[in-house]
Amino acid sequence: MTRTTTAQQWAKPAEGTWTEHYPELGTAPISFEDSVSPEFFELEREAIFKRAWLNVGRIEQLPRTGSYFTKEIEAARTSVILVRDRAGDIKAFHNVCRHRGNKLVWSEFPREESAGTCRQFTCKYHGWRYGLDGALTFVQQEGEFFDLDKEEFGLVPVHCDVWAGFVFVNLDPHPRQTLREFLGPMITGLDGYPFEEMTEWYEFTADNQSNWKLFADAFQEYYHVPGLHPQQIPNAVRTGKGFECAHFQVDGPHRMVSTGGARRWTLPPEYMYPIERITRSGLVGPWESPDLGEMPPGLNPGRVEPWGIDNFQIFPNIEILIYRGWYLLYRYWPTSYNTHRFEGMLCFQPARSVRERVEHEVASVVFKEFALQDAGMLTGTQTALESAYRTAGLSSFPVNDQEILVRHFHKAVADWVDAYRLDRAEV
């Protein structure tokens, strides 16, 4: 899989298109069979979710020795434990006791995620204990076992690494790339952005009746905004061709898009909810954001002015949307070929006053309103696509120049599945 990215390539000429810079993507209609096929989803499990680096959390969730949380990765049919060990390092393990395979760490219900702080992990079934480093430290009635070597029965480690405070795991026993190699220069160009200062979080989860890629598609283009969110993009910021994004860029399997346009607070009142005008906060966050100092060169790579949002889409299932003074995180976790769990998190610097706290809460509520508008389309899209493939005989759909990242995303998924098929054939 090749990696290409330069700012020069993506400086759109006065005449021409974004797509023409990447002839390998083509311009023909594309297939969405990858979003309606149970067989393809089974390949995605193996080719992507058991091979790619997956973001499972932030280091702030592991603030001290013994802090832990679990993550259920249904697409890979596994559960992992993340823990800060006594050396201060973050480790990951499969959430399985080595005695008889019981799930090791859970609270009220085994299928739900849990978090906390402990000195060791103790299996609820037979009492085997494991240190924070995964070593087996205690076996109930050890003398009744036959030649048991505790050093051979520690927790099974999972490759784990951290970038910019984001904790990633890779379920492949032999990852083909380090995390930094996988992320590449477009994403690591954000090194130095103060993610760690934005620790006031507003979190949302939703179980959606659609393939995981369909919701991700909605945030890779803004062609849908005038139709689905007309109050967000008034005529004042539309071009003669409709609303057009200012910059697109790809790097390996990853993508990003920048938007610009008029500041929301300069728009006529009818394009805002009354609460936005009263609190001076809303869809784009607080109107007066704290000064973050000099920004890393990877932010706003197209040097868009006026700049609005950068949406960095890290393959396969995480998006980081950077606004002025805060950021928004999306994750899409497949649960079947036509369902997924969506996670959203708004991240602000801690409020210094009641007013700032209200601004953050208003932004989170308005965000949820617009997210629901997007999510409300998903079941209809999924059911219609399934009908199209199974009964209507439709096998491909056109996408335009503003939807280049949709085209790129589905090609990246296909490339990873094809690479897995090739590896399996060679074996």
Side-chain angles (χ1 to χ4, degrees), residues 55-61 163-167 186-187 190 193-206 208 212 215-222 224-225 228-229 232-233 245-247 254-261 263-265 273 276 279 281-290 292 295-296 298-301 304 307-333 340-351 356-375 405:
N55 172 242
V56 292
R58 288 278 309 170
I59 57 173
E60 290 84 4
Q61 296 171 257
W163 167 76
F166 294 93
V167 181
M186 186 178 74
I187 304 301
L190 295 174
Y193 186 82
F195 294 109
E196 72 282 355
E197 296 181 12
M198 301 173 194
T199 55
E200 184 181 315
W201 298 347
Y202 297 81
E203 301 179 68
F204 303 89
T205 61
N208 294 293
W212 65 286
F215 206 179
D217 284 344
F219 298 106
Q220 297 185 91
E221 49 85 6
Y222 293 83
H224 73 276
V225 171
L228 189 58
H229 316 297
Q232 182 181 352
I233 306 296
C245 288
H247 183 77
H254 315 299
R255 302 158 304 286
M256 73 84 56
V257 55
S258 294
T259 61
R263 300 288 180 260
R264 190 160 179 80
W265 50 90
Y273 295 116
E276 292 183 89
T279 62
S281 181
L283 184 62
V284 296
W287 294 2
E288 298 176 5
S289 300
L292 300 179
M295 291 292 96
L299 191 66
N300 187 15
V304 176
W307 171 79
I309 311 166
D310 274 358
N311 181 350
F312 289 86
Q313 301 153 18
I314 302 175
F315 187 85
N317 67 327
I318 175 178
E319 298 186 22
I320 304 173
L321 295 85
I322 300 179
Y323 293 72
R324 294 180 181 272
W326 65 286
Y327 76 95
L328 178 59
L329 184 69
Y330 297 154
R331 298 189 193 96
Y332 312 92
W333 294 105
H340 76 279
R341 170 160 289 188
F342 169 73
E343 298 174 348
M345 186 166 75
L346 294 86
C347 304
F348 301 96
Q349 294 188 51
E356 287 189 357
R357 180 60 184 262
V358 171
E359 290 173 356
H360 298 169
E361 293 190 3
V362 168
S364 69
V365 171
V366 175
F367 152 75
K368 186 166 69 170
E369 166 64 23
F370 280 90
L372 286 170
Q373 291 178 12
D374 288 299
L405 300 190

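- Interatomic distance, OG1 of Thr279 versus CD of Glu361, reported as 11.0 Å (0.5 Å rounding).
- A 4.5 Å side-chain heavy-atom check between Cys347 and Glu197 finds every atom pair outside the cut-off.
- Tyr323 contributes atom OH, which lies 4.0 Å from atom CD1 of Ile309 (distance to the nearest 0.5 angstrom).
- Looking only at side-chain heavy atoms (C-beta outward), Ser281 and Val358 stay at 4.5 Å or farther from each other.
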Is there a side chain to side chain contact (heavy atoms under 4.5 Å, CB included) between Val257 and Arg255 once you walk through the steps? CA-CA 7 Å; Val257 55; Arg255 302 158 304 286; over 6 Å; no
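- Remark: Arg58 is positioned above the aromatic ring of Phe166, its terminal NZ or CZ atom under 6.0 angstrom from the ring centre and at most 45 degrees off the axis.
- Between Arg357 and Glu200 there is a side-chain heavy-atom pair separated by less than 4.5 Å.
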Before giving the answer on side chain to side chain contact (heavy atoms under 4.5 Å, CB included), spell out for Leu346 and His360 the whole-Å C-alpha distance, their side-chain angles and the decisive distance to 0.1 Å. CA-CA 9 Å; Leu346 294 86; His360 298 169; over 6 Å; no
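- By the 4.5 Å heavy-atom criterion applied to side chains, Phe348 and Pro286 are counted as neighbours.
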Pair Arg324, Trp307 - check side chain to side chain contact (heavy atoms under 4.5 Å, CB included), show working. CA-CA 9 Å; Arg324 294 180 181 272; Trp307 171 79; 3.6 Å; yes
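- The side-chain heavy atoms of Pro301 and Met186, taken from C-beta on, include no pair separated by under 4.5 Å.
- With values rounded to the nearest 0.5 angstrom, Leu321 atom CG is found 8.0 Å from Trp326 atom CH2.
- Leu292 is listed as a side-chain neighbour of Gln349, based on a closest heavy-atom distance under 4.5 Å.
- Checked against a 6.0 Å centroid threshold, the rings of Phe204 and Phe367 count as neighbours.
- Proximity of a side-chain donor or acceptor of His254 to a complementary backbone N or O of Ile314 within less than 3.5 Å is not detected.
- Shortest non-hydrogen contact noted between Val304 and Ser258 is CG2-CB, 4.2 Å.
- Among all heavy-atom pairs drawn from Phe195 and Glu60, the shortest one is O-OE2, 4.5 Å.
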Please test Asn55 against Trp163 for side chain to side chain contact (heavy atoms under 4.5 Å, CB included), starting from the C-alpha separation and ending with a verdict. CA-CA 10 Å; Asn55 172 242; Trp163 167 76; over 6 Å; no
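- From Asp310, atom CG reaches atom CG of Asn300 across 5.5 Å, with rounding to the nearest 0.5 Å.
- Shown here are the side-chain hydrogen bond (donor to acceptor under 3.5 Å, both in side chains) partners of Glu319, two or more places apart in sequence or in another chain: Asn311, Tyr332.
- With sequence neighbours excluded, no residue forms a side-chain hydrogen bond (donor to acceptor under 3.5 Å, both in side chains) with Asn317.
- Ring geometry for Phe219 against Phe342 counts as parallel: the plane angle stays under 30°, on a 0 to 90° scale with 60° as the upper cut.
- Side-chain atoms of Leu328 and Tyr202, non-hydrogen and from C-beta on, never get closer than 4.5 Å to each other.
- Contact between Pro350 and Thr199 at its shortest, heavy atoms only, is CG-OG1, 3.4 Å.
- Of the possible polar contacts, one joining the Trp201 side chain to the Met198 backbone as a donor-acceptor pair under 3.5 Å is found.
- The backbone N or O of Leu283 sits less than 3.5 Å from a side-chain atom of Glu276, completing a donor-acceptor pair.
- For the pair Leu190/Ile320, no side-chain contact is recorded, criterion being any heavy-atom separation below 4.5 Å from C-beta on.
- Annotation: the span from Met345 atom CE to Arg331 atom CZ amounts to 5.5 Å, rounded to 0.5 Å.
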